Amino acid sequence: MKLFSKKKKEQTQAMAVPTHIAIIMDGNGRWAKKRGLPRTAGHKVGAEAFRTIANYAKSIGLKYLTVYAFSTENWKRDREEVDAIMDLLETYLRELIRDMDKNRVRFCFFGDLSRLSPELQREAKETAERSAGYDGVQVNFCINYGARDEILRAARAFAAECAAGKAEPGDLTEAGFSNLLYSAGVPDPDLIIRPSGEIRISNFLLWQSAYSEYYFTDTLWPDFGPRQLDEAIAAFNQRNRRFGGV
Ligand code: FPP
């Protein structure tokens with residue numbers, strides 16, 4: 001864990017920054033509705049909120065930031081809304097690729113990208129490959145991601161190894177199973193944040209969150225900024241993590 005200090009009201013607060021924070025970027029639709037705007041306007045401001053948080057995460061020395069941008073269940077939404085989110089992702093990735101060397105942010109993608117447009121798949125691949133050597137925060141972007149789907153895929157992959165005679169069922173360990181997930185090599189999230197007042201986990205990082213601390217806030221995602229992230233980190237600093245010990 002890294003320490004960072006911020007001048008706040010004449011007082012310097014030292015806070016330990018967790019290694020890995022994960023966020024469910026929820027509440028874009030309600031944010032727009034409250035203003036009489038179409039839901040897609042909320043996603044647009046939500047994308048800006050993400051950009052601000054990713055830069056802030058880098059500035060405070062966070063190592064991993066995992067964000068839920070589109071779930072395996074989100075396809076059930078109106079075609080128009082799904083298309084708008086996909087367009088936003090495409091535009092965002094295009095800009096990201098352009099500004100890549102300045103950003104130094106490493107991008108990874110968790111989820112089944114094969115259902116995305118060929119253009120989006122190509123941009124995601126290019127972003128991941130070009131940023132692989134950067135040393136800033138690692139952003140794990142979850143698109144067409146569902147934790148149950150992730151676990152099923154890992155189980156199938158191991159079953160296939162057994163069927164091919166390369167492994168025995170008894171060989172499987174927790175660490176071995178973790179390595180079959182999209183998040184292979186990434187430490188489990190220390191803190192999972194859900195804005196927008198919903199108190200549920202919605203199929204996000206079910207395996208990886210075994211000992212994560214949760215933080216729920218009523219703030220809607222488009223209004224979530226560095227101050228709200230500081231508050232979540234401050235709350236995390238008050239928690240006593242025992243990982244099942246005493
Ligand atoms: C949840 O809010 C949000 C989503 C399903 C999409 C999240 C997408 C973005 C933040 C934009 C894409 C990101 C980038 C960086 C291009 P909701 O629609 O479920 O809101 P509601 O619960 O108020 O209806």
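Note that the coordinates shown come from a computational prediction; the quantities given were computed from them, not determined experimentally. Order of appearance sets the numbers: ligands from 1, and atoms from 1 within every ligand.
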Worksheet item: Looking at residues at least two apart in the chain, or sitting in another chain, which of them share a side-chain contact (heavy atoms from CB on, under 4.5 Å) with S212?
Response: P189, I192, S209
Worksheet item: Just checking, any donor-acceptor pair under 3.5 angstrom between side chains of Q208 and S183?
Response: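 Distance-only check passes for Q208 and S183.
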Worksheet item: When you check the side-chain N and O atoms of H43 and N28, is any donor under 3.5 Å from an acceptor?
Response: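 Side-chain D/A pair, H43 to N28: present.
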Worksheet entry | Worked check of salt bridge (Lys or Arg N to Asp or Glu O under 4.0 Å) between E119 and R122 | CA-CA 5 Å; E119 174 68 0; R122 194 189 55 72; 3.4 Å; yes
Discussion item. Main chain of F109, side chain of Y145: is a donor-acceptor contact present, judged purely on distance under 3.5 Å?
Written reply: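 Answer holds: no.
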Worksheet item: Got a sec: does the NZ of K58 have more than 12 other heavy atoms crowding it under 6.0 Å?
Response: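 Yes, the 6.0 Å shell around NZ holds more than 12 heavy atoms from other groups.
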Could you list each nitrogen or oxygen of ligand 1 that sits under 3.5 Å from a protein nitrogen or oxygen, with the atom names and the distance?
| from | atom 1 | to | atom 2 | distance (Å) |
| --- | --- | --- | --- | --- |
| ligand 1 | 2 (O) | D26 | OD1 | 3.4 |
| ligand 1 | 2 (O) | G27 | N | 3.3 |
| ligand 1 | 2 (O) | N28 | N | 3.4 |
| ligand 1 | 18 (O) | R39 | NH2 | 2.9 |
| ligand 1 | 18 (O) | R77 | NH1 | 2.8 |
| ligand 1 | 19 (O) | D26 | OD1 | 3.2 |
| ligand 1 | 19 (O) | R77 | NH2 | 2.8 |
| ligand 1 | 20 (O) | G27 | N | 3.4 |
| ligand 1 | 20 (O) | N28 | N | 3.2 |
| ligand 1 | 20 (O) | G29 | N | 3.0 |
| ligand 1 | 22 (O) | D26 | OD1 | 3.1 |
| ligand 1 | 22 (O) | R30 | NE | 3.4 |
| ligand 1 | 22 (O) | R30 | NH2 | 2.9 |
| ligand 1 | 23 (O) | G29 | N | 3.4 |
| ligand 1 | 23 (O) | R30 | N | 2.7 |
| ligand 1 | 23 (O) | R30 | NE | 2.7 |
| ligand 1 | 24 (O) | R39 | NH1 | 3.0 |
| ligand 1 | 24 (O) | R39 | NH2 | 3.0 |

